[in-house]
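Count residues from 1 along the sequence.
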Amino acid sequence: MKPENNIWIFIGEGGRFPSSAFTEIKKAEEWMSKHQLTGMLSAMPINQGLFEWAVENDLLNIKPEKLVIKQNDPDFIGTFTTATLDHYHYKNGIKE
């Protein structure tokens with residue numbers, strides 16, 4: 001699933017932080033191909049935290065009582081991710 005208002009973020013294999021952000025997947029793929037990069041490209045919502053986006057789109061598989069706790073946990077929200085986002089893996093600049 002791709003957020004309606006999104007940006008494409010690339011994180012190189014073994015990287016902890018993004019090394020680029022693109023508004024168009026085509027531009028991201030051209031850049032990755034040019035540099036023969038290996039890593040993952042993910043669509044991320046703009047101007048909205050990923051946790052809130054997942055809640056808004058009913059993409060959490062968390063019991064309501066657990067959600068009450070997690071929505072107030074900075075560590076959980078700050079490291080939250082979801083496989084439901086559109087994301088692609090690349091090896092040497094080629095989509096796998």
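Judged as a side chain to side chain contact (heavy atoms under 4.5 Å, CB included), and not counting sequence neighbours, the contacts of Glu65 are Lys63. Among residues two or more places apart in sequence or in another chain, the side chain to side chain contact (heavy atoms under 4.5 Å, CB included) test is passed with Gln71 by Phe51, Leu67. Residues meeting the salt bridge (charged side-chain N to carboxylate O under 4.0 Å, His left out) test with Lys95, sequence neighbours left out: Glu29. In this structure, the side chain to side chain contact (heavy atoms under 4.5 Å, CB included) partners of Thr84, at least two apart in sequence or on a different chain, are Trp53, Leu59, Thr82.
In this structure, Asn72 and Val68 approach most closely via the heavy-atom pair ND2-O, 3.1 Å.
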Which donor-acceptor pairs under 3.5 Å do side chains of residues 31-50 form with protein atoms, sequence neighbours excluded?
| residue | atom | partner | partner atom | Å |
| --- | --- | --- | --- | --- |
| Thr38 | OG1 | Asn92 | N | 2.9 |
| Gln48 | NE2 | Glu56 | OE1 | 3.1 |

Distance-only donor-acceptor hits, side chain of residues 73-81, under 3.5 Å, sequence neighbours excluded:
| residue | atom | partner | partner atom | Å |
| --- | --- | --- | --- | --- |
| Asp73 | OD1 | Asp75 | N | 3.0 |
| Asp73 | OD1 | Phe76 | N | 3.3 |
| Thr79 | OG1 | Asp75 | O | 2.7 |

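A distance of 8.0 Å separates OG of Ser19 from CD1 of Ile11, quoted to the nearest 0.5 Å. Note that NZ of Lys91 is 7.5 Å distant from CD of Glu13, once rounded to the nearest 0.5 Å.
Other residues, nucleotides and ligands contribute over 12 non-hydrogen atoms within 6.0 Å of the CD atom of Glu96.
Neither Ile7 nor Ile25 shares a network with the other; the hydrophobic side chains, linked directly or stepwise wherever heavy atoms of I, L, V, M, F, W or Y lie under 4.5 Å apart, form separate groups for each. Hydrophobic clustering of Ile, Leu, Val, Met, Phe, Trp and Tyr side chains at less than 4.5 Å, counting indirect connections, keeps Phe22 apart from Leu85.
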